[in-house]
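Accompanying notes for the structure given below.
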Amino acid sequence: MAPRDEVLTAEQVSERLAALEGWRGDASTVTKDFEVDYDTAIEIVAEIGKAAVELEHRPDIDIRWDRLRVSMTTHTAGDVVTELDFLLIARIEEIAGPYGVR
């Protein structure tokens, strides 16, 4: 089964999010706000974009002057959280780490 087809229950999402710093959500979407300046956010988003293309997944991204928000749901599975969302979360955390943001 492909990660985008592995729909997670609300309980599974809650358990997985509890192990991740700053991520929140439910069975329909997961979100994290990174406290980061605008210029750094642009650099991070460029890298997230590459990871999203590789995984064939498209997060919603919002950049403000002091914050970067990333939100995800798997539209192709009916706007629910799937294993694919957590694969991209892992990549985003790898990307953000070297910038010193969590």
Side-chain angles (χ1 to χ4, degrees):
M1 179 181 307
R4 74 180 64 256
D5 298 324
E6 294 180 45
V7 177
L8 302 177
T9 66
E11 183 177 327
Q12 289 171 314
V13 172
S14 181
E15 289 173 3
R16 302 274 293 270
L17 291 175
L20 297 167
E21 184 178 337
W23 287 93
R24 63 189 186 284
D26 54 34
S28 64
T29 189
V30 289
T31 302
K32 182 172 182 176
D33 290 329
F34 295 90
E35 291 182 23
V36 61
D37 66 83
Y38 186 87
D39 295 344
T40 302
I42 294 294
E43 292 178 36
I44 293 170
V45 166
E47 291 189 49
I48 291 173
K50 290 176 187 175
V53 168
E54 288 174 20
L55 291 172
E56 297 179 2
H57 197 27
R58 306 296 184 257
D60 293 324
I61 298 172
D62 181 36
I63 301 172
R64 303 297 167 139
W65 71 275
D66 66 344
R67 175 179 47 87
L68 165 64
R69 175 175 288 166
V70 181
S71 297
M72 288 175 284
T73 188
T74 305
H75 300 294
T76 57
D79 295 326
V80 294
V81 175
T82 67
E83 188 62 35
L84 183 59
D85 296 298
F86 281 93
L87 289 175
L88 187 51
I89 284 173
R91 295 287 294 277
I92 291 169
E93 290 296 317
E94 290 174 6
I95 290 164
Y99 290 95
V101 296
R102 290 275 173 229

Q. Run the side chain to side chain contact (heavy atoms under 4.5 Å, CB included) check on L8 and E83 step by step: do they pass?
A. CA-CA 7 Å; L8 302 177; E83 188 62 35; 4.2 Å; yes
**Q.** Cluster overlap V30 with I48, hydrophobic side-chain contacts below 4.5 Å
**A.** yes
(Q) To the closest 0.5 Å, what do you measure between OG1 (T73) and CG (D60)? (A) 9.0 Å
Q) Taking C-beta and beyond as the side chain, do V13 and D26 meet within less than 4.5 Å on heavy atoms? A) no
**Q.** Residues R67, D62; criterion side chain to side chain contact (heavy atoms under 4.5 Å, CB included); working and verdict
**A.** CA-CA 8 Å; R67 175 179 47 87; D62 181 36; 3.7 Å; yes
Q | Euclidean distance, Y38 OH relative to R64 CZ, rounded to 0.5 Å | A | 10.5 Å
(Q) Distance check, rounded to the nearest 0.5 Å: L68 atom CG versus K32 atom NZ? (A) 10.0 Å
Q: Could you state whether V7 and M72 fall into the same hydrophobic cluster, counting links through intermediate Ile, Leu, Val, Met, Phe, Trp or Tyr residues with side-chain heavy atoms under 4.5 angstrom apart?
A: no
Q. What distance separates I61 CD1 from I92 CD1, expressed to the nearest 0.5 Å?
A. 7.0 Å
Q | Straight-line distance of D37 CG to I63 CD1, nearest 0.5 Å | A | 11.0 Å
Q: Calculate, to the nearest 0.5 Å, the distance between atoms NE2 and CG belonging to H57 and L88 respectively.
A: 5.5 Å
Q) Same cluster for W23 and V80 if Ile/Leu/Val/Met/Phe/Trp/Tyr side chains link at under 4.5 Å? A) no
Q. Is any side-chain N of the basic residue among D33 and R24 closer than 4.0 Å to the acidic one's carboxylate O?
A. yes
Q | Sub-4.5 Å side-chain heavy-atom contact between E93 and E21 | A | no
Q.
Could you walk me through whether I95 and I44 satisfy the side chain to side chain contact (heavy atoms under 4.5 Å, CB included) test, starting with their C-alpha distance in whole Å, then the side-chain angles of each, then the deciding distance to 0.1 Å, before giving a yes or no?
A. CA-CA 7 Å; I95 290 164; I44 293 170; 4.0 Å; yes
Q: Can you see which heavy atom on A27 is nearest to which on T9, and at what distance?
A: CB-C, 4.4 Å
Q.
Count I, L, V, M, F, W, Y as connected when their side-chain heavy atoms are under 4.5 Å apart, and connections chain through other members. Are V36 and Y99 then in the same cluster?
A. yes
Q: Return the minimal non-hydrogen interatomic distance between E35 and V101, and the atom names on each side.
A: O-CG1, 3.6 Å
